[in-house]
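What follows is a single structure, written as C-alpha cells, with notes after it.
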Amino acid sequence: MKPLLITSTRTHAGKTTVGLGIAMNTDKKVGYFKPYGDHLVYSKKNLVDLDCQVYNEWLGLEDRSNEECCLGFDPEKIMTHWIPEEVQGVLKKMYDQLSEDKDFMIIESCRNFTYGGIMGLDAVTVAQTLDADMILVAEGDVDLIVDKVLAVSKCLENRVNLRGVVINKCGEGDKFRLEDQGMQVLMKAGVEVLGVLPEEVLLGLIDIDLILNKLNAKLVAGTEGGQIPVETVLIGALTADQAMKTAKFHSMNKLIITGGDRLDLIFASLGEGTSGIVLTNNIIPHPKVIAKADELDIPVMSVPMDTFTTATAVHHIIAEIRPEDDVKKDIIRDMAAKELNIGKILEE
Amino acid sequence: MGEASVGLEKLFNPESVAIIGASTIKDSIGYDIVHNLKLSNYRGDIYPINPKYETVLGDKCYPSIGDLPYPPDLTVIAVPAAIVNKVIEEACEHGARMFVIISSGFGEVGRHDLENELRAILKRHGARALGPNVFGIYSASAEMNATFGPPNVKPGNVGLISQSGALGVALMGKSVTENIGLSAVISIGNEADITEREALAYLGNDERTHVIFIYMEGCKDGRHFMELAAEVSKRKPIIIIKSGSSARGALAAASHTGSLAGSDKVFGAAIKQAGALRADSLDDAFAWIRILADMPLPAQEGTVILTNGGGVGVIATDSAEKYGVPLLDNPNLLEEVFRPSMPQYGSTKNPIDITGQGRTEQYGISLEAALKEESIPSVVGLYCTQATMDVSAFAATVANVVEKWKGSKPLAFSLIGGIGVDEAIKLLNDHSIPCFDSPDLAMSAMGALYERWRWLNTDFGSPEEFDIDMAAVHDIIENSQNRGLTQLVESDCAEILRLTGLDFPETRVARNLSEALGMAGEIGYPVVLKILSPDIIHKTEFGCVRLDLEDEHELTVAYESIMAEVRRRMPRARIYGVSVTEMVTDAMETIIGFSVDQSFGPILMFGMGGIYVEVLKDVSFRVAPISRLESMRMVKDIASYPILAGARGKEMRDMNAIIDAISRLSYLAMRTKDILELDINPLMVLGKGKGCKVVDSRITIKSKTKLRKG
C-alpha cells in the first residue's frame, strides 16, 4: 500500500492526532516517518521528535535513534550535513529502512503544507519523492478552511494524489455550516472529506508537566508527573481578599501566575481547585509556603521571567500528545473510529 | 566636635529654653514639657510662651518670643503644624537659632511642602531644628528633660536616639523601670534638618555617653551613616534595633516615617561591618546596654558558667552556642580552681555545678575563685531557687564578692525562681552587675559583649588597588548605552570581567554550526554551547545552554536543539551566533557579584551557587569596598563554607582565587557609577591553586534613554 503523507493547512491543525487515529484503527503493521522534526525533546544529549516517541510507544514500534527517524530540526544543520542534491537520496534511504517490514507508512510533514521547501522537505516534494498519497488536515474558520483546501488541491493537480481532507477541531456551529455549504463545494472540486473530528476539550488541555517543560521552570514544591490539567489561568494581581471574591478564583483546575513575593495570594491559592502555581521573577517564597505546598502536593514552579512574559508564554503553549498520555490515546482511537472513514483512507 | 554635629551644643546644653505653646492644661504636651523641665532640675531659664496665659506652672508666661528679655538658646515648638513655620520665622527674627519642633503634620502625612518651607526658613537664618514630629530632647549634662515623656529619667551613660516618637517615649519609660541611666535622649522625627547621623556624631564625641542605643525604621544615606557608625564604634558600642525586617514591617515602617525601609539584609550586613550590634528585640537591646555600660571587655574567649542547677546550666550551654559564646574548655584548670570550694558531688566540668544542695557560701567561694583566676576571661552565674540557697542572701553574697573584684572581668547573672527573685535581680543591677531573669538573656548579653570584643580585635585591612583599565570598561558600557541596551551582551560582560582580571574558560564565538565544530575541535572537548543574543537573558531557562558536549555529534545535536528552541520561543530574537566554551569540570559553583543599593551604594554578594542560593539563600553581603581579609570573612560567613573548605574528604577549593575575585569586584564596584548590577553565576571554583573561572555573567547598566516629551 502506498504511504500516506499527512500534512495540514496550518501548524497545530492535528496531523499527529489524525495519523495516530488512523494507525490505531487498523490491523495493518504501520510505520512512521517524520523527515523534518519540530517537536523536539532534548534529553541526555539526544534530540528526538516527540511525535516519533508517541508513535513508537503507542504502536509498539522499535526504538530508533533520531538520525534514523529524522533528517533534523534546524535548516542550518540539514544544509550543513547534506548538499541539496543529496537530501532526496537521504530521504529515500531513511524511508526504506523505516518501512522495511511494514504494511504501510504514515509520513508526517513539519508544521504545514509549505514548510521545509528551502530544503526540499516540504509536503509536496516529500510526497513526490516517496510516491505517497496525501491527506490534508484542516482546522480553523470553516470559510478559510474550504478556501485553503481548494487552493491546495489545485496546487496538487497532476503532481500528488490528494486522498482527501480531514477537518479537525470542528465545533457544533462550524459543523453545521460545513455540512450545509462547505462539503458540497469540496465535493464539487473533487476533494473527498474523509472525516470531521469534533473539538475534544480534553485533547486541547495543557497540564502542569507541559507548563513545567515549556517554561523550563524549576519545581520548588509538589511533584511532577501527575498530568494535572489546567483549564483556567489566573494572573495574581489582586490582593488575596479581593481575588477570593472573584468566581474565577474558585474554579477548578486553575493555574495561578504571580510574583514569588505575593505571600497572601500564594497561601490563598494553596487549596482545592489549584492545579499549580507559577512564581515569577525568580522569587522563592518563605520555606513555610514551600512546605505547605509540598504537604498538599500542589506543584509550585519558579521562573526568572516577569509575570507578563510568563503569562504570555503560558498562553501560547499548545497542548501536546505524549507517550504517557493514556487518556488521550483512548480518546483519539475512539474518536477516529467513530468519525473517520478509515476504510476509505486505507483503500489500496 | 565632629564635623557632622557642628552647632548642636545649644541643643544639648542650652542656657535657656523657651516653650512656644506652653500650657496650663494638665497632660497636654505644652504642659508636660514645662513640667519635665522643672522636675529635671534644669539650671537654665525656662520661658513658657503662650498669649493665653500669664503664668504656667508658676513661671511667667510670655505672649510671644519677642517679649523675652533675650533670645533663648533653645526653643521648643508645640503648636499646630499650620502655624509652625510662621512661628519659627518670627522666632528667628528675634534671634532664636535652635529649635525642637514637637509638632506633627509635616512630611509623615505627605505635607512635604511645609517641610521644604521650614528648611528654607532655617537656611535663611542659619538656624537648626530637631524634628518636626518629635517628643523632645533630654540631656543629662544640662539636667534638661525637654520632652513630654516620663519625668523621672535617671542621668547616666546611655545615649538614646529614636526615629519613633511613641516608642522613644516608651523606651525612656523602660529605662526608668530598668534603672538604666541616660546621658541623652534624641527624638529624630522627620529629620527635616538635624539627622540621626549628626545625633550619632554628637553622642560619639560626648564624654558622658558610654553606650549608644538607636531605634531606626529607615536609613537615609546609609553609606555615610555606616562610615560614621564604624568610626564611633571604635570608641563606644552602638546598639541598633531596626524594624521593618519583615515585608509587613517594612510596609508599616514606610507609612510611619514616609521613608523606605530598604533591603534589611543589606542594612544588617552594613551595620555588622561597622561594628554596631543589631538587636532583634527590646529585651536583648536592654540586656546588651546593661552589660556594655557596666562591664569591661574580656581579655580573650572562654566563658565559665557557674550554676547551682544542672538543668539551667544546660540551657545556658545551649544559649552560649546560639550566641557565639565559646565556653572555656580546660578540665584540668577548672578542677584545680573549683574543686577546693566544690561539694563532693559537684561538677567542675563547664558549667561548674555546685548542685541544688550547694550552699550560698560555697557559691560565693566558687565565684571568687573564678574572678581571681586570670585564665578565666568571663563568667556567667546562674541561680535557681533552692531550699539551701536563699535568693536574697545569694544576691548579697554575689554583690559583695563582685565588689572586691570589680572591673576585673565581665560578668552576667541569671536568677530564676519565685518570691524574692525580682528584688534580687534589682539589687544586682543596682550594683551595676548585669542580672536577668533568664539564662538565655544573660548569655545573649555576654554574646553581645564578645561580638564587640571580636570586632575591636579584628584587622579589617585596606581595600586593595588593582591595575584595571577603567577607561576601557567605561567605553564598553557607553557603547551599549548608545545602542539602547540596559543588559550587556555576553561578550561585553566577559570583556569587562577580563579587564577586571577574572579568569574565563576558553571561549570562542561561532556564527554557525561549521564554525562551532571547528572551534570546539581547537578548544578541546568537552565544551559548552550557549546562544549569543542580547534578547535572551535567561539562557538556561530558555533551553539555550547545553553542557558537557563530548564530541562532534553531541555538539551538532546541541546546536540544532538550541536553534530550534530559539525559533520556537523567541522567533524575533537577534542571534549573533553561539559561544563555544571549554567545559569546567571538578569545580564548585559559587555566585558572586554586586548591586547598587539606593542607600548604601555598591553591595557585594557571595554564596554557593545553584540551589544553595536560590532556595536556601545562603549568601553573605558586604558594603564595598572591602579588603582581602574582609573578603575571606565574607566567604566564611556562609553556612556552606565547610563544603568549600573540603568537607567529607573532598579537596579544598581555591580560597585565594575566590578572595581575589571578590576584591577585584569590590574595586570595580567603587569605580563605576554606570553598573547597577553585576552577577557572576556560576563562578566555578577549582581545587587549591587551580583558580576559578567565570562561566556565566550578567551586567545591568544605567540607561541613557531619555523619554520624549509628547
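Owing to the predicted nature of the structure, the values given are computational and were not obtained by experimental measurement. Every chain is numbered from 1, with letters handed out A, B, ... down the list of sequences.
By the neighbour-count criterion of 12 heavy atoms within 6.0 Å, atom CG of A:L296 is densely surrounded, having more than that number from other residues, nucleotides or ligands. Counting heavy-atom neighbours within 6.0 Å of B:D280 CG, excluding the residue itself, gives a total of 12 or less. Counting non-hydrogen atoms of neighbouring residues, nucleotides and ligands closer than 6.0 angstrom, the CZ atom of B:R511 reaches no more than 12 such neighbours.
At a threshold of 4.5 Å between non-hydrogen side-chain atoms, the residues A:N46 and B:E554 do not count as touching.
A distance of 8.5 Å separates CE of B:M570 from OG1 of A:T309, quoted to the nearest 0.5 Å. Taking NZ from A:K45 and NE2 from B:H553, the interatomic distance works out to 10.5 Å, rounded to the nearest 0.5 Å. In this structure, the separation between CZ on B:R546 and CG on A:L47 is 8.0 Å, given to the nearest 0.5 Å. Here the straight-line distance linking atom OG1 of A:T80 with atom CG of B:N512 works out to 7.0 Å at 0.5 Å rounding.
In this structure, A:E76 contributes its side chain and B:L513 its backbone to a donor-acceptor pair below 3.5 Å.
Contacts of B:L547 with chain A are made by backbone atoms alone, with heavy-atom separations under 4.5 Å and no side-chain atom involved. For A:I283, no part lies under 4.5 angstrom from a heavy atom of chain B. For A:H81, the part lying near chain B is the side chain, with the backbone staying farther off; criterion is any non-hydrogen pair under 4.5 Å.
Considering all non-hydrogen atoms of both residues, A:L40 and B:A564 come closest at CD2-CB, 2.8 Å.
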Could you walk me through whether B:V557 and A:K77 pass the side chain to side chain contact (heavy atoms under 4.5 Å, CB included) test, one step at a time? CA-CA 9 Å; B:V557 170; A:K77 179 250 174 168; over 6 Å; no

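Looking only at atom types and distance, the side chain of A:Y42 has no donor-acceptor partner in the side chain of B:E560 under 3.5 Å away.
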